[in-house]
Structures are given as C-alpha cells and as structure tokens.
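Worksheet: one structure, shown below.
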Amino acid sequence: MVRTVLEKMVDLATAGFGLVAALAWNDLIKQVIQDFIAPYVPKGWGLFSMVLYALVVTALAVWVTSYLGRLVAIRKDKEEDRAEGAALDEAPQPLVLRSEDIEEAIFRAMVRFRKMDKE
C-alpha cells in the first residue's frame, strides 16, 4: 500500500514538473516569436504568428518525443541483451555429487537419527 502511494506521488510530481517545464518552454517560444519574428510581419498578421507558433511547438514536440522514443528503444535493447546474456550465464549446471558431500550428508543424517532416538 505504501509503495503504491509513493509511486503515485512520484508520478504526480513528475507530471507537475513536466507541466511547469512545458509552460516555461511555451513562454520562451512566444517571446522569441514576439521579439524576432513579429517585427518583420505586417500588423494585421497576428493569426500568422499564432500559426507559426503552433508549427514551432508541434515540430519541437515531435522531435523531442521521437528522440526520447529512440533513447528508450536503445535502453530496452541493451537491457534485453543483458538479460539474455545473464540467462546464458545462469544456465542450469549439471548436479555433481562429490564423495565428500555424500559422506557429510550421511554423517549428518546419522547424527540427527541418534538425536531422535534419545528423545
């Protein structure tokens, strides 16, 4: 229960910081368009600035999400390769019984048997 609550809190905090970061980028892009592009566009073209803003934000979102998707895919491939390598390393080894192990097991069984007889 505590783990689930903690995981949800981490998810909500991450989403909250993501929203704050998105709003900061939003303000930055708006300011760049206002400072560097709007002076070169005629006065009645406010709609053009909004369309340009939407295109810039969309292009940025597509680029970031595709880049992050590639990073996740690369990371997943590496983890799968490690898991396969570990599975090969951890292949079941044949059981090898040494005579010393057998003698020790017999000795311990005899000691336990004697203790049971005494009780």
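- Linking Ile, Leu, Val, Met, Phe, Trp and Tyr residues whenever their side-chain heavy atoms come within less than 4.5 Å leaves V72 and W63 in two separate clusters.
- One distance of note links CG of L6 with CG of D11; it measures 9.5 Å at 0.5 Å rounding.
- Here CG of D27 is found 7.0 Å from CG of L23. Values are rounded to the nearest 0.5 Å.
- Using a 4.5 Å heavy-atom cutoff, the side chains of M9 and L12 are not in contact.
- Connection of M50 to F36 is not established within any shared hydrophobic cluster, with ILVMFWY side chains joined at heavy-atom distances below 4.5 Å, either directly or through further cluster members.
- Proximity of V56 to V32: side-chain heavy atoms (C-beta onward) are nowhere separated by under 4.5 Å.
- At a threshold of 4.5 Å between side-chain heavy atoms, the hydrophobic network of Ile, Leu, Val, Met, Phe, Trp and Tyr places L55 and L28 in two separate groups.
- Under a hydrophobic clustering in which Ile, Leu, Val, Met, Phe, Trp and Tyr are joined whenever their side-chain heavy atoms come within less than 4.5 Å, directly or via other members, L52 and L60 fall into the same cluster.
- Taken to the nearest 0.5 Å, the OG1 atom of T65 stands 9.5 Å off from the CZ atom of R70.
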Report task. Take D81 and K78, measure what side-chain contact (heavy atoms from CB on, under 4.5 Å) needs, and give me the verdict at the end. Result -> CA-CA 5 Å; D81 290 345; K78 285 183 181 180; 5.6 Å; no
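- Here R75 contributes atom CZ and E79 contributes atom CD; the two are 5.0 Å apart, rounded to the nearest 0.5 Å.
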